[in-house]
Amino acid sequence: MNNQRIAEIFNEIADMLELSKDSNIFEIRAYKKAALTIESLSEDVSEIIEKDGIEGLTELNGIGKALAEKINEFIKTGKIKKYEELKKIYPIDFKNLTRIQGLGPKRAYSLYKNLNVSNIEDLKKVLSEKKIQTLPGFGKKSEEELENGIKLLESSKGRILLGKALPEAELIIKKLKSSGFVEKVVLAGSTRRMKETVGDLDILVISITPEKVMDFITKLPEVEKTIAKGITKTTVWLKIGISCDIRVVPKESFGAAQQYFIGSKDHNVKVRQIAVKKGYKLNEYGLYDLKGKIIANEDESNIYEKLGMQYPEPEMRENRGEIELAKENKLPKLIRIDDILGDLHIHSKYSDGLNTIEEMAIAAASLGRSYIGMTDHSKSEYVANGMDEKRVLRYFDEIDKINEKLKNKIKILKSAETDILKDGSLDFSDKVLEKMDYVLASIHTNLNMNRQDMTKRILTAINSYKINIIAHPTARLINQRQPIEFDLDKVFQAAKDNNVVLEINSYPERLDLNDENILRAKEFNLLFSINTDSHRTSNLELLRYGIGMAKRGWLIKKDVINTLPYENLIKLFKK
DNA sequence: GCCGTTTTCGGCCCGACTGTTTTCAGTCG
């Protein structure tokens with residue numbers, strides 16, 4: 001991917017520009033904003049150039065003619081002249097140095113100028129020699145801060161999975177609630193927006209005794225150390241490897257504070273611009289007019305209303321067009337977890353699951369599901385104890401029996417997670433496939449095929465007209481394995497033509513399709529199935545992560561097939 | 001360097017905490 005590297009270069013250019021005396025703060029911001037935009041694209045910039053030329057780039061948020069030229073320069077030559085020239089003046093590894101908590105470009109430059117520090121290794125050396133405390137603007141505390149910053153950086157691997165962050169946040173919130181020091185607690189930040197990975201936790205509190213709240217939080221067993229402690233804001237480092245910000249806000253400002261701290265930053269910048277245009281000022285304490293009179297503060301939706309907008313759900317707040325829709329009163333009514341009636345991707349002891357079919361069915365029924373689809377692995381997945389043609393027939397017989405036994409509780413559909421083989425054929429014969437209520441197919445092997453061959457493989461499978469659902473379509477594992485490479489647009493179009501549904505896999509490591517790809521697939525009017533891919537009964541509750549992804553992808557109830565009652569679903573599967 | 005429902009020029013989001021300071025710069029979100 002070029003995107004990541006270009007974003008890094010733009011960020012470094014911003015850092016270096018910040019050091020020159022005649023720098024323009026807005027130019028610096030422009031580079032940072034562009035870096036954010038490029039980083040979050042689902043498409044490689046070279047693909048955009050290929051399709052729509054440089055003009056395609058200027059369509060992007062925060063990218064004008066000059067930056068588009070620079071991106072093009074990078075694609076063509078592998079270099080950006082402006083960056084190379086700045087780098088000659090400032091041969092400093094800003095990218096890694098500024099990842100240290102508390103170290104920004106200016107102090108990094110001071111370290112370079114005075115002590116010739118150009119990377120983290122150099123910094124460690126001068127720290128051990130205790131040289132930094134002698135520099136102007138630095139002291140003993142700064143030295144300690146840098147030492148700790150390096151340790152934190154090395155012990156953390158950056159962002160952690162939502163599936164790990166959200167339960168931790170909920171645990172802390174529960175403890176705060178029972179502490180007796182708080183009137184109200186809510187979750188904010190990227191965790192509240194259900195982003196697939198989380199860099200830190202943000203928790204908002206109303207309390208008349210903020211000191212006690214801050215004391216309480218810094219002493220929790222989940223906390224490793226305190227980074228900053230004030231009356232309104234405290235930051236702690238959690239043992240799970242991310243930081244957590246606690247903000248105490250006045251009751252009357254709670255709505256404004258939520259609006260501000262839920263983010264995203266991009267969304268907020270735009271909302272504030274709208275406020276300014278209306279002659280208002282918006283900060284975390286409220287919406288004010290020019291005379292400083294409060295227009296709205298206690299209720300979040302009231303703030304949006306006063307700005308002439310609908311209330312956008314937190315999952316949508318990424319500045320991906322939701323603000324424009326909110327102004328036009330056209331926000332979609334997003335899917336809710338209660339809309340889901342069944343779960344169509346579930347494993348049992350027949351392959352690599354931990355529980356029996358019956359146990360899974362009863363657990364699902366107790367969560368209110370009215371049907372499930374059993375999808376144990378096919379024979380190519382021998383490491384996962386995949387079923388051969390004989391065993392899958394026994395599997396179906398057993399499902400029939402359990403269906404009879406549980407007929408008043410839940411319905412079980414017959415299927416199997418059938419491998420899409422290297423040549424695009426399926427891992428079961430037509431004879432077996434015909435006995436299934438629906439066919440769930442997925443890719444598990446030969447993941448590093450080139451883009452062209454992989455596209456052909458998937459298209460062959462889709463065009464066979466035997467598949468109902470493609471499970472975890474990109475096969476990525478967050479922080480572990482890159483998505484497989486294929487032409488998304490071609491596959492989405494073929495899926496539409498063949499009535500193939502795309503899965504949104506709720507497993508925290510997968511979340512596949514992700515929000516970006518859902519938004520893209522939605523352009524093709526595709527249908528989706530939000531499933532848990534459960535391998536044990538407790539996994540059935542992972543559904544909320546898939547719902548989070550679906551909401552981030554702007555899906556409504558009728559986009560998702562497992563909101564349908566059983567009878568309608570069966571009809572949909574009969575092609 | 002970007003951008004346009006007052007604008008192709010002149011704006012561009014806002015506040016908290018820390019350390020080293022005697023009133024503020026740097027960093028962060």
Side-chain angles (χ1 to χ4, degrees), chain A residues 10 13-15 17-19 23-37 57-71 82 94 97-111 132-146 148-149 188-190 198-204 210 214 226-236 242-249 253 256-257 259-288 308 319 324 327-328:
Chain A
F10 280 4
I13 290 177
D15 284 346
L17 287 176
E18 206 161 322
L19 300 172
S23 67
N24 171 359
I25 176 75
F26 299 107
E27 183 184 357
I28 295 167
R29 271 189 216 164
Y31 273 99
K32 287 189 176 165
K33 188 177 179 185
L36 268 179
T37 297
L57 293 173
T58 56
E59 300 277 296
L60 300 170
N61 186 17
I63 295 180
K65 203 160 169 265
L67 290 183
E69 291 289 353
K70 289 192 173 61
I71 294 169
K82 180 170 180 134
F94 289 103
L97 281 171
T98 56
R99 282 171 67 203
I100 297 169
Q101 178 88 241
L103 186 62
K106 293 197 175 157
R107 298 211 304 165
Y109 179 58
S110 170
L111 289 172
I132 291 176
Q133 47 183 290
T134 62
L135 296 183
F138 289 86
K140 275 199 169 149
K141 283 269 187 183
S142 317
E143 219 163 51
E144 277 172 34
E145 193 188 13
L146 288 171
N148 285 326
S190 54
V198 170
D200 69 345
L201 300 181
D202 282 289
I203 294 172
L204 292 185
M214 297 317 194
T226 302
I227 294 171
K229 191 175 172 194
I231 297 175
T232 65
K233 178 187 169 181
T234 286
T235 305
V236 293
I242 52 171
S243 61
C244 173
D245 283 354
I246 309 288
R247 322 254 179 172
V248 176
V249 297
S253 302
Q259 197 287 320
Y260 182 78
F261 290 113
I262 286 175
S264 66
K265 197 174 176 175
D266 257 13
H267 174 90
N268 284 354
V269 167
K270 199 143 190 183
V271 171
R272 285 185 180 204
Q273 285 168 354
I274 290 171
V276 170
K277 272 183 195 147
K278 285 196 179 290
Y280 296 148
K281 188 180 88 158
L282 179 63
N283 60 26
E284 58 261 55
Y285 298 107
L287 180 65
Y288 303 89
N319 190 23
E324 290 74 6
K327 279 162 86 175
E328 292 166 24

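Convention: sequence-line order gives letters A, B, ...; per-chain numbering from 1.
What separates CD of Glu69(A) from P of dG1(B) is a distance of 12 Å, to the nearest Å. In this entry the distance linking NZ of Lys270(A) with P of dC14(B) reads 17 Å, nearest Å. Following rounding to the nearest Å, Leu201(A) (CG) and dG29(B) (P) show an atom-to-atom distance of 13 Å. Summarising the geometry, the separation between CZ on Arg247(A) and P on dA16(B) is reported as 10 Å, rounded to the nearest angstrom. Atom-to-atom, OH of Tyr260(A) to C1' of dC13(B) comes out at 8 Å; the value is rounded to the nearest Å. Rounded to an integer number of Å, the gap from CG of Leu17(A) to C1' of dC2(B) is 14 Å. The interatomic distance linking Gln259(A) (CD) with dC14(B) (P) rounds to 13 Å, in whole Å. Between the CG atom of Asp202(A) and the P atom of dG29(B) there is a distance of 9 Å, rounded to whole Å.
Arg272(A) has no side-chain polar atom (N or O) that falls below the 4.0 Å cut-off from OP1 or OP2 of dC12(B). Taking 4.0 angstrom as the limit, Asn283(A) places a side-chain polar atom (N or O) nearer than this to OP1 or OP2 of dG15(B). In terms of phosphate contacts, Ser142(A) brings no side-chain nitrogen or oxygen within less than 4.0 Å of OP1 or OP2 of dT18(B). Distances shown here put a side-chain N or O of Lys70(A) below 4.0 Å from the OP1 or OP2 atom of dG1(B).
Rounded to whole Å, the separation between the C1' atoms of dT20(B) and dC24(B) comes to 9 Å. Nucleotides dT22(B) and dT18(B), compared at atom C1', are 16 Å apart to the nearest Å. Between the C1' atoms of dC28(B) and dC13(B), the separation comes to 15 Å (whole Å). Nucleotides dT8(B) and dC2(B) place their C1' atoms 12 Å apart, quoted to the nearest Å. For dT7(B) and dC3(B), the C1' atoms lie 10 Å apart once the distance is rounded to whole Å. A gap of 29 Å separates the C1' atoms of dC9(B) and dG15(B), to the nearest Å. Look at the P atom in both dT6(B) and dC12(B): the space between them is 15 Å, to the nearest Å. Separating the P atom of dG26(B) from that of dT21(B) is a span of 13 Å, rounded to the nearest Å.
Without hydrogens or angle criteria, Thr235(A) side chain to Ile227(A) main chain gives no donor-acceptor distance under 3.5 Å. Side-chain N or O atoms of Ser253(A) include none that pairs as donor or acceptor with a backbone N or O of Ala256(A) at under 3.5 Å. Listed for the Ser110(A) side chain is no donor-acceptor partner under 3.5 Å among the backbone atoms of Lys106(A). A donor-acceptor contact shorter than 3.5 Å links the side chain of Arg107(A) to the backbone of Gly102(A).
Remark: Lys233(A) does not engage Glu284(A) in a salt bridge, criterion side-chain N to carboxylate O under 4.0 Å. One finds a salt bridge joining Glu324(A) and Lys270(A) here, because a Lys/Arg side-chain nitrogen approaches an Asp/Glu carboxylate oxygen to under 4.0 Å.
Of the residues near DNA chain B, Ala30(A) and Gly230(A), the one whose nearest nucleotide (by heavy atom distance) lies more toward the 5' end is Ala30(A).
Of the inter-residue distances, the one linking Asn283(A) atom CG with Tyr260(A) atom OH reads 9.0 Å to the nearest 0.5 angstrom. Here the CG-CG distance, from Leu36(A) to Asn61(A), works out to 9.5 Å after rounding to the nearest 0.5 Å.
A donor N or O paired with an acceptor N or O is not found under 3.5 Å between the base of dG29(B) and the side-chain atoms of Asp245(A).
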Reading nucleotides 23-28 of chain B from 5' to 3' and marking B where a protein heavy atom lies under 4.0 Å of the base, S where only the sugar-phosphate is that close, and - otherwise, the string is ---SSS
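Nucleotide dT8(B) is matched to nothing when pairs are restricted to Watson-Crick or G-U wobble geometry with both distances under 3.5 angstrom.
The shortest distance between side-chain heavy atoms of Lys70(A) and Leu57(A) does not fall below 4.5 Å.
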N/O contacts under 3.5 Å, protein versus nucleotides 3-10 of chain B?
from   : atom 1 : to       : atom 2 : distance (Å)
dC3(B) : OP1    : Gly62(A) : N      : 3.0

